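One structure is given here, and the rest of the page talks about it.
Because the structure is a prediction, the values reported are computed rather than measured. As the structure lists them, so they are numbered: ligands from 1, and atoms in each ligand from 1.
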Amino acid sequence: MEHTILIEGGEAFAVSAEEDTLLRGALRAGIGFPHECSVGGCGACRFELIEGELEELWPEAPGLSERDRRRGKRLACQCRPRGRCTVRMRCDDEYRPAVPPERRPAVLESVRPLTADMAEFTFRTATPAAFLSGQYALLYLPGTPGARAYSMSNLANAEGRWQFIVRRVPGGRGSNALFDRLAVGDAITLDGPYGNAFLREEGAREIVCIAGGSGLAPMLSIARAATDRPEGPPVHFFDGVRTPADLCAAPLLGGPAASGRLRYTPVVSGGETGKTWSGARGFVHEAVERDLPGPLDRYEFYFAGPPPMIEALQTLLMQRHRIPYQQLHFDRFL
Ligand SMILES: Cc1cc2nc3c(=O)[nH]c(=O)nc-3n(C[C@H](O)[C@H](O)[C@H](O)COP(=O)(O)OP(=O)(O)OC[C@H]3O[C@@H](n4cnc5c(N)ncnc54)[C@H](O)[C@@H]3O)c2cc1C
């Protein structure tokens with residue numbers, strides 16, 4: 001069964017009554033519904049309900065402030081329509097999905113430990129793994145309410161292989177379910193792809209990838225895709241970690257790094273490193289400003305990681321260096 005959703009003064013679309021949130025139904029229908037994280041954290045998919053009935057899956061989701069709630073705002077990623085609805089929000093072509101998201105079963109094929117708290121998880125689906133480098137999928141994990149967003153670290157492929165690099169978050173339900181409750185051969189539901197921080201079509205600008213902690217996966221996919229192109233611009237890869245023991249990207253970038261088009265800069269932020277470290281130190285955004293030959297508006301920037309890193313980079317690039325917003329593509333790992 002499906003429910004019809006009418007956007008006030010605009011398009012209408014159908015949402016599956018059993019499975020879809022308002023946001024996912026809209027994106028599946030090719031609507032440019034603004035969104036970022038899809039998991040209740042960022043608030044980008046706020047809308048107003050004009051008419052109809054909705055079920056709120058996570059009423060306390062942090063993406064809405066108290067003021068938003070008082071003004072009747074809701075999150076499209078956390079609302080499931082209960083009938084025909086009319087909603088108020090502004091669509092934007094920028095959010096029209098480049099690859100329509102699909103929900104499908106995915107079987108865990110292998111797990112490869114990378115550091116003490118990060119591992120690469122490979123899933124297989126019966127249909128091709130169609131996505132753009134930098135996008136993410138939603139994984140429905142055992143014993144975990146809602147879905148968790150994880151970015152693909154590999155390249156799109158016809159074999160249906162989806163790779164994720166996940167950090168085990170102490171006390172986190174989804175990440176610990178991946179490490180402890182899933183065995184090779186188990187199936188979960190994978191929904192995707194989502195996200196707008198994907199590698200843009202080839203341009204003249206040099207590419208900068210900045211990973212903070214577990215923000216590594218989408219940056220790997222972007223760097224791999226960019227260096228796979230026969231005649232692309234150079235790629236500058238900044239890898240921000242707390243200690244040298246957290247570094248794992250270099251072997252994963254092995255091929256392209258060796259090709260000479262990729263410059264890899266690991267940056268260690270922790271004071272107490274535990275072993276000798278002669279490379280760059282400090283926060284990764286500081287290394288970006290210090291090491292990249294200016295002016296910085298000659299680069300296309302891609303970055304992913306924890307919200308404080310994203311904010312520091314936005315301040316650095318947009319306010320200090322006046323880089324146009326269109327040259328910045330990022331995901332906050334909420
Ligand atoms: C776009 C994006 C891409 C990401 N990519 C990666 C990646 O490649 N690798 C990686 O390690 N991490 C990634 N993350 C972070 C990841 O999605 C999880 O937030 C992280 O693994 C912690 O999840 P947890 O379940 O272990 O922790 P928890 O603390 O249990 O859960 C935190 C997350 O779950 C959501 N959540 C909590 N409770 C509920 C509920 N009741 N209903 C619905 N949702 C709920 C929150 O919005 C929050 O995102 C990404 C996040 C985003 C937004």
Side-chain angles (χ1 to χ4, degrees), residues 21 23-24 27 34-45 55-64 74-80 95 97 101 111-123 131-154 162-182 188-198 209 211-223 239-241 246 248-249 252 302-307 309-310 329-334:
T21 59
L23 175 65
R24 293 208 278 279
L27 296 177
H35 66 286
E36 190 185 318
C37 78
S38 307
V39 288
C42 72
C45 63
E55 174 194 357
E56 288 199 53
L57 300 177
W58 187 19
E60 314 79 38
L64 282 182
R74 297 159 196 254
L75 295 177
C77 71
Q78 300 301 327
C79 282
R80 200 176 272 161
Y95 293 102
V111 181
R112 175 160 65 131
L114 298 175
T115 67
D117 63 357
M118 294 224 288
E120 178 192 73
F121 295 84
T122 302
F123 286 88
F131 59 85
L132 301 172
S133 285
Q135 288 194 296
Y136 63 90
L138 298 175
L139 304 188
Y140 290 81
L141 298 163
T144 307
R148 294 296 182 270
Y150 292 109
S151 309
M152 282 67 81
S153 60
N154 61 333
W162 304 71
Q163 290 185 313
F164 305 95
I165 295 179
V166 177
R167 190 171 79 83
R168 188 198 278 273
V169 174
R173 295 185 61 179
S175 58
N176 283 282
L178 262 169
F179 279 88
D180 300 332
R181 297 181 71 156
L182 272 189
I188 59 159
T189 296
L190 180 156
D191 187 0
Y194 293 99
N196 293 307
F198 52 79
C209 295
S214 57
L216 187 60
M219 296 302 107
L220 276 179
S221 181
I222 286 176
D239 188 7
V241 293
D246 298 324
C248 61
L252 303 173
Y302 296 88
F303 42 105
M309 180 197 96
I310 303 295
H329 316 280
F330 55 89
D331 270 328
R332 286 179 288 168
F333 279 19
L334 297 159

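In this structure, R332 counts as a contact residue of ligand 1, since one of its heavy atoms falls inside 4.0 Å of the ligand. In this structure, F164 does not count as a contact residue of ligand 1, since none of its heavy atoms falls inside 4.0 Å of the ligand.
Residue contacts with ligand 1: R148 is placed with a nitrogen or oxygen under 3.5 Å of a nitrogen or oxygen of the ligand (distance criterion only). Ligand 1 has an N or O atom lying under 3.5 Å from an N or O atom of V39, backbone or side chain. The shortest N/O to N/O separation between P218 and ligand 1 does not fall below 3.5 Å. Residue contacts with ligand 1: G40 is placed with no nitrogen or oxygen under 3.5 Å of a nitrogen or oxygen of the ligand (distance criterion only). Taking distance alone, with nitrogen or oxygen atoms compared against 3.5 Å, Y136 stays at or beyond that limit from ligand 1. For ligand 1, the polar-atom distance check finds no N/O of D331 at less than 3.5 Å from any of the ligand's N/O atoms. Below 3.5 Å of separation, one finds an N or O of S175 facing an N or O of ligand 1. Inclusion of T144 in the set of residues having an N or O under 3.5 Å from an N or O of ligand 1 is not warranted. Ligand 1 has a nitrogen or oxygen under 3.5 angstrom from a nitrogen or oxygen of S151.
What sits closest to atom 30 (O) of ligand 1 on the protein, heavy atoms only, is R173 N, 2.9 Å. If you check which protein heavy atom lies closest to atom 9 (N) of ligand 1, you get I165 O, 2.9 Å. In this structure, atom 20 (C) of ligand 1 lies nearest to the protein heavy atom Y150 OH, 3.8 Å. The closest protein non-hydrogen atom to atom 22 (C) of ligand 1 is V169 CG2, 3.8 Å. Counting protein heavy atoms only, atom 27 (O) of ligand 1 is closest to G172 CA, 3.3 Å. The closest protein non-hydrogen atom to atom 49 (O) of ligand 1 is L334 O, 3.3 Å. Nearest protein heavy-atom contact of atom 7 (C) of ligand 1 is F333 CE2, 3.3 Å. Summary of contacts: the protein heavy atom closest to atom 11 (O) of ligand 1 is R167 N, 2.9 Å.
Considering every non-hydrogen atom in both M309 and A304, the closest pair reads CE-O, 3.3 Å. For Y302 against A197, the heavy-atom pair with the smallest separation is CD2-O, 4.2 Å. In plain terms, the two heavy atoms of A177 and P142 that are nearest each other are CB-O, 3.5 Å. Here the closest non-hydrogen pair linking N154 and S221 is O-OG, 2.7 Å. Nearest heavy atom pair, residue S151 against residue A217, reads O-CB, 3.4 Å.
Y150 is linked by a side chain to side chain donor-acceptor pair (under 3.5 Å) to nothing, counting only residues two or more places apart in sequence or in another chain. The side chain to side chain donor-acceptor pair (under 3.5 Å) test applied to N176 returns R168, not counting sequence neighbours.
Looking only at distances, no side-chain donor or acceptor of Y95 sits under 3.5 Å from a matching main-chain atom of N196. Between the side chain of Q135 and the backbone N or O of F198, no donor-acceptor pair lies under 3.5 Å. Panel note: side chain S175, backbone V169; a donor-acceptor pair is recorded below 3.5 Å.
By the 30° and 60° cut-offs, the orientation of the rings of F303 relative to F330 is parallel.
Heavy-atom contacts of A217 reach the following atoms of ligand 1: 8 (O) (cutoff under 4.0 Å). The atoms of ligand 1 that sit less than 4.0 Å from any heavy atom of C37 are 53 (C).
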Any chance you could lay out the ring-ring contact (aromatic ring centres under 6.0 Å, His included) test for F179 and F121, step after step, and finish with the verdict? CA-CA 9 Å; F179 279 88; F121 295 84; 5.1 Å; yes

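Heavy-atom proximity to atom 50 (C) of ligand 1, evaluated over A149, A147, G305, is greatest for A149.
Under 4.0 Å from ligand 1, the heavy atoms of W58 that appear belong solely to its side chain.
The distance from the CG atom of L141 to the CZ atom of R181 is 10.0 Å, given to the nearest 0.5 Å.
Using a 4.5 Å heavy-atom cutoff, the side chains of L216 and C248 are in contact.
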